[in-house]
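Quick notes on the structure that follows.
By convention in this document, chain letters (A, B, ...) are assigned in the order of the sequence lines, proteins followed by strands, and residues within each chain are numbered from 1. The figures that follow rest on heavy atoms only: side chains count, while hydrogens, waters and symmetry mates do not. Owing to the predicted nature of the structure, the values given are computational and were not obtained by experimental measurement.
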Amino acid sequence: MLQVPFIRENKEAIITALKKRNIDAQADLNAIISIDVKRRSTQAALDFLRSEMNVASKKIGELFKSGNAAEANELKNGVSAQKAEEKSLADDLNSFNEQLQELLYKIPNIPNDLVPAGSTEDDNEEVFSEGEVPTLFDGALPHWELAKKYDIIDFELGTKITGAGFPVYKGKGARLQRALINYFLDKNTAAGYIEHQVPHLVNEASGFGTGQLPDKEGQMYHVGIDDLYLIPTAEVPVTNFFRDNLVNESELPILCTAYTPCFRREAGSYGAHVRGLNRLHQFDKVEIVRVEHPKNSYAALDGMVDHVKEILQELKLPYRILRLCGGDLGFTSALTYDFEVFSTAQDRWLEISSVSNFETFQANRLKLRFKDKEGKKQLAHTLNGSSLALPRVLAGILENYQTPEGIKIPEVLVPYTGFDMID
RNA sequence: GGAGAAAUGGCAGAGUGGUCGAAUGCGGCAGUCUUGAAAACUGUUGAGGGUCACACCUCCGGGGGUUCGAAUCCCUCUUUCUCCGCCA
């Protein structure tokens, strides 16, 4: 969420920047500014009236104490008469605040200068790639076939007990998942991220804090009876740790990591792209979250990108890094790098990580501030990234490491799996 | 799930209708003293809105109500604690 004073002072620049998202924000920004003017004048009028009433009330108390009941009663009638006006002004103010809030929720974050223009994922800019795409032998299979052949993932069983998109991992498949989780968490904690285990359901306020609500209700599973949401990512509980926090500058940066399952309804997805592990309703992910000083947030973003790179290098998977274009950029993000691993048997790239700087956009919603050296309060910057999303990493390993004899395990994972081959 | 008690500033904890945004202690910050630190002493120290700056307004778990006036009274929700029941 953008701040109103910022909008007031930078309207034209915001309109220009949001064009990269293919959004014309002019009308909404104008509405915000004019409602804010009304809001402030109403607030001033209300404050003035209340001040009068407060003075009179205090006087009434003094008059009663000094036994001057007649005069006190007269004043009382005067204040009573003002109450209707007070209520009307307060209602107006409330309504302006609500209108303002609603409009502010509609405006996405301002893209960073580096964000390329564009409307679809085809316009994303490749900024880095590494690792050789292996030439597969004759008879190489896509991961869902491999999963069946080696009996390590049972999609049908998941469908039976829950529904499509909820696979069951078995035997060495389950063990490999657990190995990946442990490996990722170890990498993250070695880099200074503090490991957390968090609730997998969150309340409505948390959904608002990170920007899933309003508008994206349909993406999350909602437990109606208790009004809780299943988390679509650990970003939601972890970033909301800091909701309504005022921290000391010296506490920054704050680095957290958490492994959680993630639940996504993925309404509207269909076809070959949801095959196998490509798109699931429940999947595992290890997340990293940072709360940063605004001065450091872009250096931190680069650091997170390097961190994820290192993991992929160790796994020896072919991957590339994309800088998302305006049209593909998430609502709350100012700059996002996507990591994609190459799925050899499918001959396509699969997104396995998304690393973003939200600048103050989430912090403003969260009321996450820090006190600087002068004692001034500033919004902090929040960032997060996946390190990594499990299913597609697993798909990448299965497909790229397959041999006629079986699936080799990346060397770095062997200490975690306890075996070096799935056969 | 049932019964009872409670929720106040970073923390602890006073405050039961007006002079309370709130005593006191701890903590934090600044200073005095000290070679430096500690101790001691002095001062300072909640948040939001609003203003050029003041003024002023709002906030004592959330929401609503009574009253000229609410931290204080009433209703409701949430959370915490104690006891009982159930339970991994």
Report yes if a donor N or O on one partner sits less than 3.5 Å from an acceptor N or O on the other, where the partners are the side chain of A:Asp47 and the base of B:G49; otherwise report no.
yes

When the nearest nucleotide of RNA chain B is assigned to A:Lys58 and to A:Ser51 on a heavy-atom basis, which residue is associated with the more 5' position?
A:Lys58

Can A:Lys172 be said to sit on top of A:Phe419's aromatic six-ring, NZ or CZ under 6.0 Å from centre and within 45° of the ring axis?
yes

Check A:Arg50 with A:Asp47, please: is the shortest side-chain N to carboxylate O separation under 4.0 Å?
no

Are A:Asn54 and B:G18 close enough that a side-chain N or O sits under 4.0 Å from OP1 or OP2?
no

What is the base-pairing partner of B:G17, counting Watson-Crick and G-U wobble geometry with both distances under 3.5 Å?
none

A:Ile35 CD1 to B:G49 P, straight-line distance once rounded to whole Å
19 Å

Considering just the side-chain nitrogens and oxygens of A:Lys377, establish if one lies under 4.0 Å of OP1 or OP2 belonging to B:A47.
yes

Of all the nucleotides listed (B:C68, B:C57, B:U51), which has the minimum atom distance to the side chain of A:Arg40?
B:U51

Taking the P atom in each of B:A71 and B:G63, what is the distance between them to the nearest angstrom?
14 Å

Roughly how far apart, to the nearest Å, are B:C57 and B:G2 at atom C1'?
45 Å

Quick one: which of B:G18, B:U58, B:G69 gets closest to the side chain of A:Lys83?
B:G69

On RNA chain B, check which nucleotide each of A:Gln43 and A:Gly61 is closest to and give me the residue with the more 5' one.
A:Gly61

Atom CG of A:Asn248 to atom P of B:C29: distance rounded to whole Å?
9 Å

Pairing check on B:U35: which nucleotide meets the Watson-Crick or G-U wobble criteria with it, both distances under 3.5 Å?
none

For B:U42, which nucleotide is its Watson-Crick or G-U wobble mate, given both distances must be under 3.5 Å?
B:A30

Phosphate OP1/OP2 of B:G50: any A:Arg39 side-chain N/O under 4.0 Å
yes

Expressed as a whole number of angstroms, how long is the span from A:Arg369:CZ to B:G48:C1'?
8 Å

Among B:U51, B:C56, B:A47, which nucleotide sits nearest the side chain of A:Lys371?
B:A47

Over 60° means perpendicular and under 30° means parallel, so classify the ring planes of A:Tyr416 and A:Tyr183, tilted if in between.
perpendicular

Please test A:Tyr150 against A:Asp423 for side-chain hydrogen bond (donor to acceptor under 3.5 Å, both in side chains), starting from the C-alpha separation and ending with a verdict.
CA-CA 6 Å; A:Tyr150 295 108; A:Asp423 48 19; over 6 Å; no

C1' atom, B:G15 versus B:G28: distance in rounded Å?
25 Å

I'd like the P distance from B:G48 over to B:A88, given in whole Å.
48 Å

Spacing of the P atoms in B:G13 and B:G18 (rounded, Å):
25 Å

Separation of the C1' atoms in B:A22 and B:A14, to the nearest angstrom:
10 Å

Nucleotide nearest A:Leu246 when distance is taken to its side chain, options B:A47, B:G50, B:U58:
B:A47

Which base sits across from B:U51 as a Watson-Crick or G-U pair, both distances under 3.5 Å?
none

Could you verify whether a donor N or O on one side chain and an acceptor N or O on the other, from A:Asn109 and A:Ser333, lie under 3.5 Å apart?
no

May I ask you to list the residues of residues 70-82 of chain A, by number, that have any heavy atom positioned under 4.0 Å from an atom of RNA chain B?
A:Lys76, A:Val79, A:Ser80

Can you check the distance between B:C41 and B:U34, where both ends of the measurement are the C1' atom (answer in whole Å)?
14 Å

Would you mind reading off the distance between A:Arg50 atom CZ and B:A55 atom P, rounded to a whole angstrom?
19 Å

Atom CG of A:Leu100 to atom P of B:G50: distance rounded to whole Å?
11 Å

Give the ring-plane orientation class for A:His293 versus A:Phe370, where under 30° counts as parallel, over 60° as perpendicular and anything between as tilted.
tilted

Selection residues 184-200 of chain A - residue pairs positive for salt bridge (charged side-chain N to carboxylate O under 4.0 Å, His left out), sequence neighbours left out:
A:Lys187-A:Glu310, A:Lys187-A:Glu314

Expressed as a whole number of angstroms, how long is the span from A:Asn364:CG to B:G49:P?
10 Å

Could you check how far CZ of A:Phe96 sits from P of B:G49, rounded to whole Å?
19 Å

Any side-chain donor near an acceptor of the partner, A:Arg275 and A:Asn278, under 3.5 Å:
no

In whole Å, what is the span from the CD1 atom of A:Ile60 to the C1' atom of B:A70?
15 Å

Taking the six-membered ring for Trp, are A:Tyr298 and A:His381 closer than 6.0 Å centroid to centroid?
no

Which base sits across from B:A7 as a Watson-Crick or G-U pair, both distances under 3.5 Å?
B:U78

Pairing partner of B:A88 (Watson-Crick or G-U wobble, both distances under 3.5 Å):
none

For A:Asn77 and A:Glu74, does a side-chain donor sit closer than 3.5 Å to a side-chain acceptor?
no

Roughly how far apart, to the nearest Å, are B:U82 and B:C26 at atom P?
29 Å

Counting Watson-Crick and G-U wobble pairs only, both distances under 3.5 Å, name the nucleotide matched with B:U66, or none.
none

